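Accompanying notes for the structure given below.
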Amino acid sequence: MNLVEVLILVTSFLIFLSLRVPIAYAVGLAALLTLLSSMPFLPTVATMAQRMATSLDSFTLSAIPFFILAGQIMNRGGIAVRLINFAKAIVGPLPGGLAFVNIISCMLFGAISGSAVAAASAIGGFMNPMMEKEGYDKSFSAAVNITSATTGLIIPPSNVLIVYSLASGGVSIAALFIAGYVPGLLIGFALMVVALVYSIIKKYPTDKLVTFKEFFKRFLAAFPSLMLLVVVIGGIVAGIFTATEASAIAVVYTLVLGFVYKEITIKDLSPIFLETIRTSAIVLFLIATSIAMSWVMSYENIPQEISNTLLAISDNPIVILIIINLILLFVGVFMDITPAVLIFTPIFLPIVTELGMNPIHFGIIMIMNLCIGLCTPPVGSVLFVGCSVADLKIQQVIKPLLPLFLVMIGVLLLITYFPELTLWLPRQFDLL
């Protein structure tokens, strides 16, 4: 590894970020400048173009636009309201019931749509006014919505887990999906504990206990939406279809559901498709530039040198994992989750596998780290969406976010040092 290449890569990337250059361009340009230091201009440009093009030549990646389309349909298809009503029937009568409803609805909607931003937008749009009307603090409601929305990236189906599978060289998507359930539910439970304590201190009101008839009615209304998880995940685990085929089935299922609920018409399809194309183009271009940067780093021998440096610091797995977690938490503050997964997986995965860690376990740890970054300034997309939906400034939600951050980090440490919390479920399905 030449120190000059590392300096060019890091410095140029930070400069582009400080100039507010979009992250995909910042990643691509930093990689291009680094490669120019060791190659002539024309071969450099040709190599970058080739790496970006071949990185998208993947059947697995086809799942991402389909899941994005399914998420867009869900966002307009009345699914959020039905999930909220069902969650209210379950936990509404408990202390801090509406905060619990917010968390559970975000977990369900995020898991079904695979998008933290969609969950923060759809659920926050309904729950924030409802909680404010019942006397809940506006900033607390937004903080709960922002943090719980990220669970949708851990609980499957998740586009980010698909990206990790690609970056790790083909780790089983089915195993990753199943492995995400326990960590995702633990985060949701930890957030609910904080919400419970906060609500008791503030003496927030509770909902009335619904009758069995009303509960059953709400369950039936939400049941078709909940079945999407069973169809998609069940089909993948049973080997009936691949993750990519499951994403196409999810689109058909949600589209039928939208028409059955009478929340979507033929006229609505055009803006849904256009938004899907726009979002998919951004995500796939980001993937292309990130994979190109990963290749440049590998070409310059950077991952191997970082691995040797970390292992030289200590051969104690506990110490190494603490260092990696701290680095990923720091990275998550400044970088969006997709490029971070693509760039840092090839760097850290060889280190942890040398320590004996399962790649599936490390994948969940990495995603959990970066999910926390989505809730932090200056790049946290979920933070910005959650504040925008709640009509609040970022500084107004920082104080109620802090205890929620702490429990998320606590669950992260729990998952890091107790691998069976992640790996037990995939083993039960013979996926390991």
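Fair warning: this is a prediction, and the values are worked out from it, not measured in the lab.
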Can you find a pair of side-chain heavy atoms, one from [X] and one from [Y], that are under 4.5 Å apart?
X: Thr376; Y: Leu383; result: no
X: Leu226; Y: Val230; result: no
X: Val283; Y: Ile287; result: yes
X: Leu29; Y: Phe13; result: no
X: Tyr417; Y: Leu414; result: no
X: Val251; Y: Phe67; result: no
X: Lys138; Y: Gln396; result: no
X: Leu402; Y: Leu406; result: no

Once salt bridge (charged side-chain N to carboxylate O under 4.0 Å, His left out) is applied, do any residues pair with Glu275, and if so which ones, sequence neighbours excluded?
Arg278

Is [X] reaching over with its side chain to a backbone N or O of [Y], donor-acceptor style, under 3.5 angstrom?
X: Thr34; Y: Ala30; result: yes
X: Ser270; Y: Lys267; result: no
X: Thr345; Y: Ser168; result: no
X: Thr151; Y: Ser148; result: yes
X: Ser158; Y: Leu153; result: yes

Just by distance, with hydrogens left out, do Asn128 and Asn145 show a side-chain donor and acceptor under 3.5 Å apart?
no

Counting only heavy atoms not in [X] (residues, nucleotides, ligands), do more than 12 fall under 6.0 Å from its [atom1]?
X: Phe16; atom1: CZ; answer: yes
X: Asp57; atom1: CG; answer: no
X: Ile318; atom1: CD1; answer: no
X: Phe330; atom1: CZ; answer: no

Please identify which of these residues, Ile320, Ile351, Leu321, meets the side chain to side chain contact (heavy atoms under 4.5 Å, CB included) condition with Met357.
Leu321

In chain order, what residues pass the side chain to side chain donor-acceptor pair (under 3.5 Å) check against Asp391, with sequence neighbours excluded?
none

Which heavy atom of [X] sits nearest to which heavy atom of [Y], and what is that distance?
X: Leu401; Y: Cys375; value: CD1-O, 4.0 Å
X: Thr422; Y: Pro183; value: OG1-CG, 3.9 Å
X: Ala31; Y: Met293; value: CB-CA, 3.7 Å
X: Pro317; Y: Leu355; value: CA-CD1, 4.2 Å
X: Leu36; Y: Phe41; value: CD2-CA, 3.7 Å
X: Val331; Y: Ala340; value: CG1-CB, 4.0 Å

Got a second to check how far [X]'s [atom1] is from [Y]'s [atom2], nearest 0.5 Å?
X: Ile367; Y: Leu412; atom1: CD1; atom2: CG; answer: 12.0 Å
X: Met107; Y: Met192; atom1: CE; atom2: CE; answer: 8.0 Å
X: Phe177; Y: Ile236; atom1: CZ; atom2: CD1; answer: 5.0 Å
X: Ile103; Y: Met127; atom1: CD1; atom2: CE; answer: 10.0 Å
X: Ile68; Y: Ile272; atom1: CD1; atom2: CD1; answer: 14.0 Å
X: Leu191; Y: Leu404; atom1: CG; atom2: CG; answer: 5.5 Å

Keeping to residues at least two apart or across chains, list the salt bridge (charged side-chain N to carboxylate O under 4.0 Å, His left out) pairs with something in residues 354-363.
none

Taking it one step at a time, do Leu69 and Thr254 satisfy side-chain contact (heavy atoms from CB on, under 4.5 Å)?
CA-CA 9 Å; Leu69 176 55; Thr254 52; over 6 Å; no

Just do the ring pair (Phe, Tyr, Trp, His ring centres under 6.0 Å) check on Phe140 and Tyr198 with the steps written out, would you?
CA-CA 9 Å; Phe140 169 71; Tyr198 195 94; 4.1 Å; yes

Any chance you could lay out the ring pair (Phe, Tyr, Trp, His ring centres under 6.0 Å) test for Phe285 and Tyr25, step after step, and finish with the verdict?
CA-CA 9 Å; Phe285 182 59; Tyr25 291 100; 5.3 Å; yes

Does Tyr253 form a side-chain contact (heavy atoms from CB on, under 4.5 Å) with Met227? I'd like the steps, not just the answer.
CA-CA 10 Å; Tyr253 189 98; Met227 277 301 294; 3.3 Å; yes

Check step by step if side-chain contact (heavy atoms from CB on, under 4.5 Å) holds for Leu370 and Leu374.
CA-CA 7 Å; Leu370 298 172; Leu374 292 175; over 6 Å; no

Does the pair Leu328 and Phe348 meet the rule for a side-chain contact (heavy atoms from CB on, under 4.5 Å), with working shown?
CA-CA 10 Å; Leu328 288 173; Phe348 291 133; 4.0 Å; yes

